[in-house]
Structures are given as C-alpha cells and as structure tokens.
J.: 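Can you keep this structure in mind? I'll have questions shortly.
All of these numbers come straight from a predicted model, not from anything done at the bench. Note that ligands are numbered from 1 as they come in the structure, with each ligand's atoms numbered from 1 the same way.
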Amino acid sequence: MTSFSDFNLNKQLLMAVEEVGYEVPTPIQEKAIPLVQAGHDLFGIAQTGTGKTAAYVLPLLMKIKYAQGNDPRVLILAPTRELALQIESVILQLGKYTDLRTVALYGGLGPRHQIAAVEKGCDIIVASPGRFLDIYLKGHLVLKHIKTLVLDEADKMMDMGFMPQIRRILEIIPVKRQNLLFSATMPDKVVELSHEFLDFPEKIEITPQATAVETVSQQLYYLPNMRTKINFLEYFFNENKEELKRVIIFVKKKQTADNVFKYINRLGYGEARVIHANKGQNSRMNAVKAFSEGEVNILVSTDVTARGIDITDVSHVINFDVPLVYEDYVHRIGRTGRAKKSGIAITLCTEAEKYHIEKIEKLVREKIPVKRLPDTIKITETPLEEKQDMDREIDLQKRKDDPEFKGAFHEKKVKFLKPVPKKGKKGKRR
Ligand code: AMP
C-alpha cells in the first residue's frame, strides 16, 4: 500500500496531511500525485468524494513551494463559488505550513475585497471563469507567471456555458504551462475541450462503484454524540448475539479505533482486533488473516482496511463514523452481502455528519433508510467540547454552501472577544 511519505512531498506538506487526518492516499491520489509531479498534463475522470482535490493540490503546492513575487503562478478554475471555496479551504489546510498565498475569486459578492486581496500579492488563484475575467479586464491581474492551469469539474463548466470564457482565458495566459483537467463524466464537449487544452495527457479514470449492493440492507441511525454511539454498540451486540458472524466497525480516527476496540473487548461479545495506520504491517496482516479465518469475529478499523485489504463475506458493517471519502461508503458496505448472501450495513450519524450523508446519497443515487433509535439505548448528554466541535463543523459546512453565512458559533465568539469600550475614554484612535 502506498503512503503519503512515498511521494516526493516535503515535511511541511506531510505534516499538514497528517494533521487533516489523511492516513493513506485514495486511488486517484495514488495515481495522480506522481504524474503531476513529473510535469505531465492530466485528464482525470473522477467525482467529488474521491479525494481529487488533494490529488492535484498536494503536487502543486510542492511545485511552487513558497511565496514568490506578486503575481499568481497557479490558476484553478471551478464552475461554482461553492467549489471554489471548497478548493481554497483544501489549499489552506494542506498549505498550512507553507507561506503560499491563495485568493478565491467568485461572483455573488462585490469584487472590491477580492481585488484588494489580489493586489496584496498571491501565488494561487482559485476562481470561477466569469469573475476571473472581470477582474482581469479591470486590469488587476498580471498573468505572465501562470505555469499551471487546473480545470475542475470541467463537465459542469461546459453545462453552465463557460466555454467562451475558458477559451478567452486560454488566450491570455502563457502557452507554456502544465494543464490538469478533472471531470466527473466524459461527455463529447469535455473530450473536445481536452483536445484543445491538453498536451499528450496522461489519463486517469476512477470508476465510481456508485451503486450500493442490492443484497445489503442499509440502516441509518441519527444519534447526538460519540458516547451514544458507544451505547448503540452495546445494544447492537446484545441484540444480535446469535447472528453475528463477522462484524467490521469502521471509524475515522486512530484514537477512536483504539477506544472502540477497548470498549468492545470489555463487553466480551467475541474476539476482537483493531487495525489502523499506527499498527505495524505484521500486526495488521495477522488481524486480517485471523478475521478471514474466523478466529476473530469483530474487527475495528480505520479506512486503511476499507481500501487496501480484501475482506468479504462480512455479516455486519457498522460505520461508527460517516466516511468523508464518500466512495468509501460504497466500498465499506460492499463487504457484506457478497455472493447473494444478505448483509447489514449500519451507519451512525450525528448532526454534524448529516451533510456528508446527503453527499453520499447523491453519489449512490438513493436514500439510505433511516431507522428509529431503539428506546433502550441510553442517550448521553453531549460534552461541551464535543458540542463546540460539532457546531464549528456545521458552520464550516454551511459556509461552504453559502460564503456569506455567519455561523452562530463564530458570532458568539466574536462578541465575546470584542473588548468592551470603557467610559470616559476618547474616541477611536486614528
Ligand atoms: P474531494 O473528492 O476532493 O472533494 O474529497 C472528498 C473528501 O475526502 C474531503 O472531505 C477530503 O477531506 C477527504 N479526503 C481526501 N483525501 C483523503 C485521504 N487520503 N484520506 C481521507 N480523507 C481524504
């Protein structure tokens, strides 16, 4: 299995990758990162949810390394402001330990702040084509240092009628550059664009397994917090003692994996093992082998197993956390219900994870049936810290969809932090 340290990325980027919690590269990252680093033009067919943004952002951050001059060197075009902001936020997260400056330009807001941001100097511009051209035509952009152009969600850009703007942009940026084109589908218009735009491209196609397996019964439970999820596990093991053959519990973080494992071990409903990226290769392989051979019947795992290891014929999959790489949902539940056997895939979801469920439902093109939480499950109160984390997460999601949204959580914080003006003091300092 490839790891991020196998790529030629510097310490600053690896630290950021670790911090955002990516443990192993997704398939598109595995393929695209080395190709972009080698300087190829790229034609990537991949949907949102596959990790495609980091697949180009990481090698591009590595390529331009640190802040330089005033003018942008990378231009990323996206069809909507929602996507532009999402890309910008990935760049900010992964570029956290670099001094690279990124500006997002999109419509719907007045251009004043965006122009001011550009004029302060930037290395990367993420933009919707219309607003980018507006600001260029007003004379605020110098484009002669652009060495990389990315078109993200090219199919959507074509659908939205952006072709004329894109053609115009291709005329005003330097001819000698690296081009990357990403599209979820491959209609004729996109193929045509690729001929115009790409120079001997490498093609990568990540075929989404976007239909959930029919023999799997999917169940979605809404719960308020992590502790209640743990209570759910106790209920689940109690109720299903007889039918449990092989259960995989998927979690997002290593720490959660360890905690869930300890808890289940204490419950004593079977032989359990835990695997995640911090466990050595041998220990992981042994756990998987023991699970496949039936010696172990409960496996707690982060996404490492979901992608890398072939375990099938599982009776129950429990998504303790909703997966953030949406395709993982399909891969995870695909481990049950193989070969016409029926399986059960349970997903536990908090208010803060609902956003991702909606995206997963879009990907699998079906609604995941919601089940009522059984009365016997103890609902634990949400600790303050967890509540704040969730509020912050929800604010962030709302802001992705609406950049002008001012989160309740942040408003409160700002109010709290504002110094109270004291009586008798003179007015504002000039
Ligand atoms: P994208 O397809 O770029 O929209 O990414 C979808 C989601 O996957 C985002 O929430 C990313 O933060 C997350 N993601 C991207 N790469 C990885 C990775 N290697 N491991 C775990 N999550 C990832």
Side-chain angles (χ1 to χ4, degrees), residues 1-7 9 13-34 36 42 44-61 76 78-80 82-96 126 150-156 180 182-185 204-210 250-254 256-257 276-278 301-308 319 321-332 352-364 393-394 396-397 399-401:
M1 204 189 315
T2 318
S3 90
F4 280 100
S5 51
D6 297 333
F7 302 127
L9 298 172
L13 294 175
L14 289 175
M15 261 158 60
V17 164
E18 163 114 33
E19 211 162 287
V20 292
Y22 301 170
E23 292 186 357
V24 284
T26 64
I28 188 149
Q29 290 163 359
E30 216 170 318
K31 291 185 183 159
I33 293 175
V36 178
L42 193 71
I45 304 293
Q47 289 181 315
T48 296
T50 51
K52 72 174 160 62
T53 320
Y56 64 80
V57 164
L58 279 171
L60 292 185
L61 293 178
I76 301 170
T80 60
E82 181 198 355
L83 184 63
L85 285 164
Q86 222 162 292
I87 297 169
E88 184 198 25
S89 94
V90 173
I91 297 174
L92 294 179
Q93 282 180 331
L94 295 176
K96 184 175 170 190
V126 187
V150 182
L151 295 189
D152 203 345
E153 294 198 0
D155 45 356
K156 202 157 174 188
L180 314 175
F182 291 87
S183 185
T185 56
I204 297 177
E205 194 161 354
I206 302 296
T207 340
Q209 265 187 321
F250 287 111
V251 300
K252 215 159 42 192
K253 296 185 183 147
K254 290 176 257 189
T256 323
H276 54 61
N278 278 8
S301 164
T302 57
D303 289 331
V304 177
T305 40
R307 304 207 196 98
N319 292 311
D321 298 307
V322 177
L324 293 184
V325 175
Y326 304 135
E327 294 236 316
D328 283 347
Y329 179 81
V330 187
H331 294 149
R332 287 180 185 186
E353 293 174 295
K354 228 171 166 173
Y355 177 86
H356 304 295
I357 287 289
E358 283 161 20
K359 306 265 168 175
I360 288 171
E361 288 179 336
K362 243 192 212 165
L363 177 74
V364 299
E393 184 75 36
I394 292 169
L396 218 69
Q397 294 159 358
R399 212 162 306 134
K400 265 187 196 168
D401 293 338

J.: So if I apply the side chain to side chain contact (heavy atoms under 4.5 Å, CB included) rule between Y22 and each of V17, L324, V325, which one comes out positive?
T.: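 Output: one option passes, namely V17.
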
J.: For ligand 1, is there an atom lying under 4.0 Å from some heavy atom of V24?
T.: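 In this structure, V24 qualifies as a contact of ligand 1 - some heavy atom is under 4.0 Å.
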
J.: Answer side chain, backbone, both or neither: which part of V20 comes under 4.0 Å from ligand 1, heavy atoms only.
T.: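 Neither part.
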
J.: Flag G51 as yes when one of its N or O atoms lies below 3.5 Å from any N or O atom of ligand 1, and as no otherwise.
T.: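 Yes, at least one N or O pair falls under 3.5 Å.
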
J.: Could you tell me if any non-hydrogen atom of Y326 lies under 4.0 Å from any atom of ligand 1?
T.: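 Outside the 4.0 Å threshold, so no.
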
J.: Evaluate whether atom CD of E18 has more than 12 neighbouring non-hydrogen atoms of other residues, nucleotides or ligands under 6.0 angstrom away.
T.: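 Open: at most 12 neighbouring heavy atoms sit under 6.0 Å from CD of E18.
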
J.: Any N or O on T53 sitting closer than 3.5 Å to an N or O of ligand 1?
T.: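 Yes, at least one N or O pair falls under 3.5 Å.
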
J.: Donor-acceptor check, side chain of T26 to backbone of T50, threshold 3.5 angstrom: yes or no?
T.: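 Yes; at least one donor-acceptor contact below 3.5 Å.
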
J.: Does any part of the side chain of L83, heavy atoms only, come nearer than 4.5 Å to the side chain of E153, both counted from C-beta?
T.: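 Counting from C-beta outward, E153 and L83 do come under 4.5 Å.
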
J.: Of the side chain and backbone of F4, name the one, both, or neither that has a heavy atom under 4.0 Å from an atom of ligand 1.
T.: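 Side chain only.
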
J.: Quickly, which of K252, K253, E23 forms a side chain to side chain donor-acceptor pair (under 3.5 Å) with T302? Name it, please.
T.: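 The passing option is E23.
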
J.: Does any N or O of ligand 1 fall below 3.5 Å from an N or O anywhere on T50, backbone included?
T.: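 For ligand 1, there is an N or O atom that lies under 3.5 Å from one belonging to T50.
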
J.: Does the pair E82/K156 count as a salt bridge with the N-to-O cut at 4.0 Å?
T.: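 Looking at K156 together with E82, the answer is no, because their closest N to O distance does not fall below 4.0 Å.
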
